[in-house]
Structure formats: C-alpha cells, structure tokens
Amino acid sequence: MKDNQWMSLLGLANRARKIISGEELAVKEIRNNKAKLVLLAADASANTTKKITDKCNSYHVPLKMVKDRHLLGQAIGKEARVVVAVMDDGFAKKLVTLLD
C-alpha cells in the first residue's frame with residue numbers, strides 16, 4: 001500500500017513540474033540548493049550511488065532509496081529512472097514520511 005502512496009505523490013509532483021529526473025540534472029539542482037529530496041534507485045550503479053550519496057551529504061539534502069529504477073520511472077510516467085530530485089518542500093516532506 002505504501003508503494004502506491006509515494007508513487008502517486010511523486011506522479012503528482014511530476015505533473016506540478018516540481019521534480020527533475022536524471023543523474024546530471026539532479027546533481028546540478030543539488031549544487032544550486034534547489035533539491036529538497038533526492039530519490040535513488042537501489043539498483044543504481046556503484047558510481048552513480050557514490051556520486052549522488054556524496055553530493056547529498058555535502059549539501060545536506062535528504063536521500064531516500066527506492067526499490068528499483070523501473071518503479072521510480074513508473075511513478076513519474078517515464079522509462080526507468082535511477083535518480084529523481086524533488087524541488088518542492090511540501091512534496092519532499094510528505095515523501096520522506098511515506099518512504100520511512
């Protein structure tokens with residue numbers, strides 16, 4: 001049930017244009033202090049995982065893992081996605097509670 005809730009909320013955030021997907025774009029938004037939450041697929045490569053984890057830690061951005069890239073892509077109505085950055089405080093806070 002929780003899967004459906006966070007995926008629906010992420011889909012809503014996508015329709016509101018409050019998310020960015022893709023590794024490079026997410027890193028750029030983290031650097032600009034615009035990312036409020038980063039979602040990372042558990043099946044991401046070791047390089048990507050390290051890069052995103054390190055960026056989030058140094059810029060103090062919360063990071064949450066999701067089951068896999070297909071679930072993350074499905075939530076936003078796109079192909080498989082490894083990294084999604086949420087740009088809105090409200091969506092980020094609610095997603096954190098749903099993913100805990």
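Excluded from the calculations below are hydrogen atoms, water molecules and symmetry mates; all remaining heavy atoms, backbone and side chain alike, are included.
Partners of K51 under the side-chain hydrogen bond (donor to acceptor under 3.5 Å, both in side chains) rule, at least two apart in sequence or in another chain, are E23, E24.
When the side chains of ILVMFWY residues are joined at heavy-atom separations under 4.5 Å, either directly or via intervening members, L95 and L63 end up in two distinct hydrophobic clusters. In this structure, I52 is not a member of the same hydrophobic cluster as L25, with clusters built from ILVMFWY side-chain heavy atoms closer than 4.5 Å. In the hydrophobic clustering of this structure, I76 groups with V96; members are Ile, Leu, Val, Met, Phe, Trp, Tyr whose side-chain heavy atoms approach within less than 4.5 Å, directly or through other members. Follow the hydrophobic side-chain contacts under 4.5 Å out from I30 and you reach V83 in the same cluster. L37 and M65 sit in two unconnected hydrophobic clusters of ILVMFWY residues. Membership requires side-chain heavy atoms under 4.5 Å apart, directly or through other members.
Applying the 6.0 Å contact sphere to NZ of K94 captures no more than 12 heavy atoms from other residues, nucleotides or ligands.
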Step-by-step side chain to side chain contact (heavy atoms under 4.5 Å, CB included) determination, F91 to L10: CA-CA 8 Å; F91 283 120; L10 193 60; over 6 Å; no
_Evaluation steps, side chain to side chain contact (heavy atoms under 4.5 Å, CB included), between S45 and T48_ = CA-CA 5 Å; S45 70; T48 302; 2.9 Å; yes
What do the steps show when you test D100 against K64 for side chain to side chain contact (heavy atoms under 4.5 Å, CB included), and what is the final call? CA-CA 8 Å; D100 275 341; K64 291 288 177 188; 2.4 Å; yes
Exercise. Apply side chain to side chain contact (heavy atoms under 4.5 Å, CB included) to the pair L71 and W6, showing each step before the final yes or no.
Key: CA-CA 11 Å; L71 212 57; W6 76 259; 4.0 Å; yes
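Remark: D54 CG to K50 NZ distance equals 3.5 Å, nearest 0.5 Å. A distance of 6.0 Å separates CG in L39 from CG in L99, rounded to the nearest 0.5 Å. Distance NZ/K36 to NZ/K18: 10.5 Å, rounded to 0.5 Å. Note: L98 CG to M7 CE = 12.5 Å, rounded to the nearest 0.5 Å.
Sorted by first and then second residue, the salt bridge (charged side-chain N to carboxylate O under 4.0 Å, His left out) pairs with a member in residues 73-89 form an empty list; sequence neighbours excluded.
Contact of the L40 side chain with the V82 side chain is registered, since non-hydrogen atoms from C-beta on lie closer than 4.5 Å. A heavy-atom distance below 4.5 Å is not found between the side chains of L72 and R69.
A donor-acceptor pair under 3.5 Å is absent between the side-chain atoms of N32 and the main chain of K34, judged by distance alone.
One finds no salt bridge joining D43 and K67 here, because no Lys/Arg side-chain nitrogen approaches an Asp/Glu carboxylate oxygen to under 4.0 Å.
Of the options V84, V86, V61, a side chain to side chain contact (heavy atoms under 4.5 Å, CB included) to V38 is made by V61 and by none of the others.
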